[in-house]
Amino acid sequence: MIPHIEGLAGSAWGGVVAFFVVMGYVYSLGLSARAYVRMLSALGKGGCGTVRYTDGVIDWRVGVVLYGSVVVAIAMGVFALAVRMGGVGFALPGFAAVVGGTVVVVLLKWALAKLIGVVFTIGIGVALVKVTAVYVCFGFVTVVLSMLATTAISTFLLSVLMAISMFIVIVAKFAILVENFFVKVGSLFYIFLYLCAAEILPLTVGLRFVSQVFN
C-alpha cells in the first residue's frame, strides 16, 4: 500500500491526504468496528429500541474521524477518476473543490432525510444508520481505487471498477430503504418526495458547486 500512497500524486499533498485517510480508517474502525457490528446486528433484529445510534456506543470523536475519512476517501476516488479521464488537472485546489462538493452532498442528504422524517413522521432513523455503514464500506473501496489510479491500470478498467462499486452502493441503499422505509409508507408521494429531496437534490447541488469552482 505504501508505494501506491507515495505515487498518488506528483506532489507531496496527495500522498499525505491518502496516508491520513488510511490512518483515519485504521484508528476509527480499530476502536469502533465491534460496536458497529453489535449496533447493526441489533438493528437488523429489530432491536433499535435496545441499541440506538445515539446510545453512546461509539464515541463522537471516533465518529468524526471515521466520517471525515469517508468523505475525503469518496472525494479521492472521484477526483482520481476525473484526473485519469482528463477532465481536470491534478492540483490541490481542484481536489479541495471535490471534497467541498462531497461534503455538501453528504450534509444535504442527511439533513433532508431527517427533515422529511420529522415533518411527515416517517421513521427513517434505522435506514440512515444502515446507509451510513454502506458509505463507510464504499469509502474504503474508493481509497483502494484511487491508489490503483497511480498504477498502470487502464482508465477503462478503473472506470468499470468505480461503476461496479457505485452500482453495489445503489442496490444496497435501495434494499435498505425498501426494508426500513418504503414498505412502511402508504403513499407514493412520500417515496417520490424522499427520492427527489434526499437523493437527487443533494447530488445536483454538489455537482453545481464543483462546476462553479472549476469554471
Side-chain angles (χ1 to χ4, degrees), residues 1-2 4-5 7-9 13-37 39-40 43 53 57-84 90 92 94-111 113 127-151 153 158-177 198-199 202-203 205-207 209-210:
M1 184 179 292
I2 297 300
H4 295 320
I5 293 178
L8 188 62
W13 67 265
V16 171
V17 171
F19 175 78
F20 277 104
V21 168
V22 172
M23 289 300 100
Y25 263 91
V26 172
Y27 164 76
S28 54
L29 292 182
L31 293 178
S32 63
R34 290 185 179 180
Y36 263 107
V37 172
M39 178 180 63
L40 292 173
L43 292 175
Y53 181 65
V57 176
I58 301 172
D59 187 88
W60 69 269
R61 289 160 292 192
V62 177
V64 169
V65 173
L66 178 61
Y67 301 146
S69 299
V70 170
V71 169
V72 178
I74 294 175
M76 283 177 58
V78 174
F79 185 68
L81 182 60
V83 171
R84 284 293 296 268
F90 197 97
L92 183 57
F95 175 69
V98 176
V99 172
T102 306
V103 170
V104 169
V105 171
V106 171
L107 290 179
L108 276 177
K109 286 172 69 68
W110 181 86
L128 286 177
V129 173
K130 293 184 177 181
V131 168
T132 300
V134 171
Y135 277 113
V136 170
C137 297
F138 178 60
F140 180 79
V141 172
T142 54
V143 169
V144 176
L145 292 178
S146 63
M147 293 178 185
L148 289 177
T150 66
T151 66
I153 185 175
L158 183 64
S159 303
V160 169
L161 292 176
M162 180 67 79
I164 291 175
S165 62
M166 293 182 67
F167 176 76
I168 293 174
V169 169
I170 292 173
V171 172
K173 283 182 57 180
F174 182 76
I176 292 169
L177 290 174
E199 299 294 335
L203 184 60
V205 174
L207 291 175
F209 174 84
V210 173

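Remember, predicted model here, so these are calculated numbers, not experimental data. When a residue number appears, it is its place in the shown sequence, counting from 1.
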Residues two or more places apart in sequence or in another chain: which of them pass side-chain contact (heavy atoms from CB on, under 4.5 Å) with [X]?
X	result
I164	V160, I168
V169	V134, Y135, F138, K173
F174	V178, F182

(request) Check whether any side-chain N or O of Y67 sits under 3.5 Å from a backbone N or O of V136 as a donor-acceptor pair, and report yes or no. (result) no
(request) Taking Y25 for its side chain and F140 for its backbone only, find out whether a donor-acceptor pair lies under 3.5 Å. (result) yes
(request) Kindly compute the distance separating CE (M166) from CD1 (I74), expressed to the nearest 0.5 Å. (result) 9.0 Å
(message) To the closest 0.5 Å, what do you measure between CD1 (I170) and OG (S165)?
(response) 9.5 Å
(message) Is there a side-chain contact between T142 and M76 in this structure, where contact means two heavy atoms from C-beta onward sitting under 4.5 Å apart?
(response) no
(request) Check whether any side-chain heavy atom of F20 lies under 4.5 Å from a side-chain heavy atom of V72, and answer yes or no. (result) no
(request) Just grab all the salt bridge (charged side-chain N to carboxylate O under 4.0 Å, His left out) pairs involving residues 161-172, residues at least two apart or on different chains. (result) none
(request) Could you go through the side-chain contact (heavy atoms from CB on, under 4.5 Å) check for Y27 and L66 one step at a time? (result) CA-CA 8 Å; Y27 164 76; L66 178 61; over 6 Å; no
(request) Considering non-hydrogen atoms only, spot the tightest contact between A73 and G139 and give its length. (result) CB-O, 3.2 Å
Quick one: side chains of residues 94-109, donor-acceptor pairs under 3.5 Å with protein atoms, not counting sequence neighbours, listed by atom name and distance.
from, atom 1, to, atom 2, distance (Å)
T102, OG1, V98, O, 2.8
K109, NZ, A198, O, 3.3
K109, NZ, E199, OE1, 2.7

